[in-house]
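What's counted below: heavy atoms across the whole structure, side chains too, no hydrogens, waters or symmetry copies. The first residue of the sequence shown is numbered 1, and numbering continues consecutively from there.
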Amino acid sequence: GILWSRRAELVYREGGIRWRGWMFELRGRLAASLEDALPPSESALAEALLLGVRGRLPPEVVVDFRNTGTSHLLAISGLNVAILLLPALAAAGWWLGRRRQIYLLLPLASIWFYALVSGLSVSVARAAIMASVYLAALAVGRPRSVLPALALSAAVMAAIDPGALRQVSLQLSFTAVAGIALAMPLQARIREAVTRSSGVSGAWWQQWSRFLASWVLIALVVSAAATLATLPLVAFNFHQIPLFGIFATMLALPMLPFMLLGSLLAAVGGLIAPSLGQFFGWVAWPPLSYLLGLVSLTPGTTVSGAWAGPPLVWAWYLLLAGVLILPGCVSYLKGLSSRLAVRSLGALQPSSVTLSLLGLFLILTVAAILLWVQVFSGPDGKLHVYFFDVGQGDSALIVTPGGRQVLVDGGPEAESATRALAGPLAPWDRSLDMVVLTHLDSDHSRGLVKVLDRYQVAAVVMGVEAPGNSLYPQGSSRNRDQWVTALERRQFQVIPMAAGYRIMLEPEVALEVLNPPPIPFRGSQSDDNNNGVVLRLVYGDVRFLLAADIE
């Protein structure tokens with residue numbers, strides 16, 4: 001049974017992790033403080049930017065962000081953490097001094113506290129790890145590049161949850177940061193060119209004009225780098241590309257620090273005193289209103305992204321990886337050639353240490369490839385239904401978002417189902433969570449006999465027993481004998497099903513049994529067909545009807 005309730009009330013609380021509950025409660029109080037300090041639209045935007053709470057954003061605002069290609073601004077990411085990290089770093093240095101590295105503990109605690117309060121989403125966790133690596137680099141005096149921090153954060157998150165790399169949000173976050181990192185040398189050259197063309201001195205208006213020119217160019221480069229780096233993923237996953245995303249992002253980025261810091265002051269000030277929160281709310285209101293106006297006025301023109309298939313996505317990111325790695329490889333080869341040039345040919349014998357390191361490198365490379373092949377062959381979080389071409393007959397495979405595999409019927413030939421399963425299933429995958437035989441006609445049942453022999457099957461489902469048959473539903477004697485023999489050889493326990501049963505494959509995926517009735521049909525030559533198992537696959541708003549051969 002399913003019971004629906006319009007209202008729920010908490011009457012008792014026990015157990016759980018107390019500090020997580022305290023964090024969640026603090027997040028709710030900060031959100032309520034923003035609601036008191038700002039108008040409805042601006043407070044909803046502030047909650048999304050600062051706390052990751054997007055439930056109060058009006059639907060039309062969400063559509064505006066999506067159509068203008070600025071939805072990434074609503075996700076808490078590295079930019080948000082960096083904006084909050086810099087003031088914390090400066091305050092810690094001023095308060096504790098920079099002579100000892102202990103002052104770095106304060107910004108480290110600040111970013112992880114913020115990450116926990118904001119919900120610790122994938123992008124926030126990645127940004128917090130990167131910020132931690134950056135602080136560690138400051139502690140040892142090596143804050144050189146963002147790429148090692150990005151690589152280490154990816155390694156840590158993959159170690160915790162390898163399946164997280166399948167999430168589109170994580171892929172977009174990492175590729176955007178990689179694109180910005182790739183454009184950093186160009187940003188430095190822009191600053192140098194602007195300074196060299198105008199000089200370091202001059203009137204105040206000249207200095208401001210140089211600053212404005214460099215800011216516009218750098219904002220354009222950052223927006224273009226992040227957009228181009230994520231372009232194939234956006235096109236492949238969402239099938240549309242916003243034309244004005246770079247332009248809108250470039251205009252929005254300069255206001256983001258004011259929005260975040262103003263929202264933070266308003267939220268924290270409101271916890272101290274409502275009037276203080278409202279005062280800082282007036283500070284945060286102009287930039288928040290500016291962003292809302294920007295996304296509403298920017299044209300939401302999009303073009304189709306259906307052209308972006310997997311080959312193009314792979315080629316794009318292999319090219320990006322090559323651009324990232326090539327400069328380091330070139331510099332390494334130059335250094336190696338210079339060292340070899342000063343040695344005689346007789347001294348170029350590889351040492352045992354070099355050979356050992358080379359062997360270890362090859363072993364780890366092969367192990368990494370095998371591990372990641374295993375990871376990416378796992379479930380991808382989507383529902384797949386395969387209808388196999390087996391000629392006169394039926395066979396279908398259901399793969400749930402969590403990886404459950406259900407085979408319905410096996411086709412008319414002995415190898416029909418086993419040949420078909422070789423396509424969607426990995427070569428080493430020899431397991432099925434459920435096999436369903438709708439009825440014993442040969443065009444549905446014959447291919448399942450080999451499946452029972454070659455695969456590890458967890459459950460076998462059939463229709464209810466027909467009257468007068470003590471074991472299994474009626475059918476031609478040859479098909480019935482083969483089926484019974486296969487079941488007995490593997491000692492399978494058959495689960496009988498009738499209309500009204502509901503098989504929960506996963507919390508959101510169910511198989512509803514619509515036929516046969518509890519008392520099977522009788523008195524017609526088509527009893528075998530009309531007593532077949534009819535299934536309705538339910539996943540959200542999607543339905544699949546597997547009707548067997550009912551007449």
Side-chain angles (χ1 to χ4, degrees), residues 1-5 379 383-388 393-411 417 431-441 443-445 447-449 451-452 455-475 479-480 483-484 486-488 490-524 526-551:
I2 299 176
L3 176 65
W4 294 95
S5 175
L383 175 70
H384 299 263
V385 181
Y386 302 89
F387 296 94
F388 298 133
D394 283 330
S395 184
L397 175 68
I398 301 167
V399 182
T400 66
R404 299 290 180 89
Q405 299 172 164
V406 178
L407 180 65
V408 181
D409 287 337
S431 64
L432 294 169
D433 295 276
M434 185 181 298
V435 165
V436 180
L437 175 62
T438 59
H439 59 300
L440 275 171
D441 283 0
D443 57 345
H444 292 251
S445 65
L448 287 183
V449 175
V451 171
L452 296 182
Y455 285 79
Q456 294 180 353
V457 179
V460 178
V461 171
M462 295 178 60
V464 293
E465 296 178 328
N469 190 339
S470 60
L471 288 176
Y472 303 106
Q474 293 177 351
N479 295 335
R480 179 180 178 277
W483 181 248
V484 171
L487 292 174
E488 291 178 346
R490 293 288 182 175
Q491 296 182 348
F492 285 110
Q493 179 68 37
V494 176
I495 305 173
M497 290 287 173
Y501 281 75
R502 183 181 177 92
I503 306 170
M504 297 302 300
L505 301 176
E506 288 179 4
E508 297 181 355
V509 185
L511 276 175
E512 298 176 350
V513 183
L514 308 183
N515 196 69
I519 300 177
F521 296 109
R522 300 184 65 185
S524 169
S526 62
D527 284 349
D528 287 351
N529 286 344
N530 285 334
N531 286 323
V533 177
V534 177
L535 301 172
R536 177 166 58 193
L537 176 63
V538 180
Y539 176 56
D541 295 331
V542 179
R543 306 286 190 274
F544 286 88
L545 181 64
L546 306 178
D549 280 347
I550 58 169
E551 300 178 7

Nearest heavy-atom approach of Val436 to Leu448 is O-CD1, 3.9 Å
Any non-hydrogen side-chain atom of Ile398 less than 4.5 Å from a side-chain atom of Tyr386? no
Between the side chains of Asn529 and Glu551, is a donor N or O closer than 3.5 angstrom to an acceptor N or O? yes
CG on Leu440 to CH2 on Trp483, rounded to 0.5 Å: 8.0 Å
Looking at side-chain heavy atoms only, is the closest gap between Asp433 and Thr400 below 4.5 Å? no
Value for CD (Gln405) from OH (Tyr455), rounded to nearest 0.5 Å, stands at 9.0 Å
Looking at side-chain heavy atoms only, is the closest gap between Leu432 and Gln456 below 4.5 Å? no
Please lay out, stage by stage, how Leu437 and Val460 fare under the test side chain to side chain contact (heavy atoms under 4.5 Å, CB included). CA-CA 8 Å; Leu437 175 62; Val460 178; 5.8 Å; no
Donor-acceptor pair, side chain of Asn515 and main chain of Gly532, under 3.5 angstrom: yes
Minimal heavy-atom distance between Asp409 and Asp394, with the atoms involved, is CB-O, 3.3 Å
For Ala548 and Thr438 the tightest heavy-atom approach is CB-CB, 3.7 Å
Using a 4.5 Å cut-off on heavy atoms from C-beta on, say whether the side chain of Leu545 contacts that of Leu514. yes
Taking C-beta and beyond as the side chain, do Leu505 and Tyr539 meet within less than 4.5 Å on heavy atoms? no
Salt bridge (Lys or Arg N to Asp or Glu O under 4.0 Å) partners of residues 492-518, not counting sequence neighbours, each pair once: Arg502-Glu512, Glu512-Arg536
Are the side chain of Asn531 and the backbone of Pro520 linked by a donor-acceptor contact shorter than 3.5 Å? no
For the student: nearest non-hydrogen atoms of Ser395 and Gly410, plus distance: OG-CA, 3.8 Å
Does a side chain donor of either His444 or Asp549 reach within less than 3.5 Å of an acceptor in the other side chain? yes
Answer whether the closest heavy-atom distance between the side chains of Val385 and Leu397 falls below 4.5 Å. no
Kindly indicate whether the side chain of Leu537, heavy atoms from C-beta on, has any atom under 4.5 Å from the side chain of Leu546. no
If I compare all heavy atoms of Gly447 with all of Ala417, which pair ends up nearest, and what's the gap? O-CB, 3.8 Å
Could you check whether any side-chain heavy atom of Val513 comes within less than 4.5 Å of a side-chain heavy atom of Leu535, counting everything from C-beta outward? yes
Sidechain-backbone polar pair: Arg404 side chain, Pro401 backbone, donor-acceptor under 3.5 Å: no
Note: Met434 and Ile503 closest approach over all heavy atoms is CE-CG2, 3.7 Å
Can you tell me how far the CG atom of Leu383 sits from the CZ atom of Phe544, to the nearest 0.5 Å? 6.0 Å
Determine, step by step, whether Val457 and Leu452 satisfy the side chain to side chain contact (heavy atoms under 4.5 Å, CB included) criterion, reporting the C-alpha distance in whole Å, the side-chain angles of both residues, the deciding distance to 0.1 Å, and the verdict. CA-CA 7 Å; Val457 179; Leu452 296 182; 4.1 Å; yes
Heavy atoms from other residues, nucleotides or ligands near OH of Tyr501 exceed 12 (cutoff 6.0 Å): no
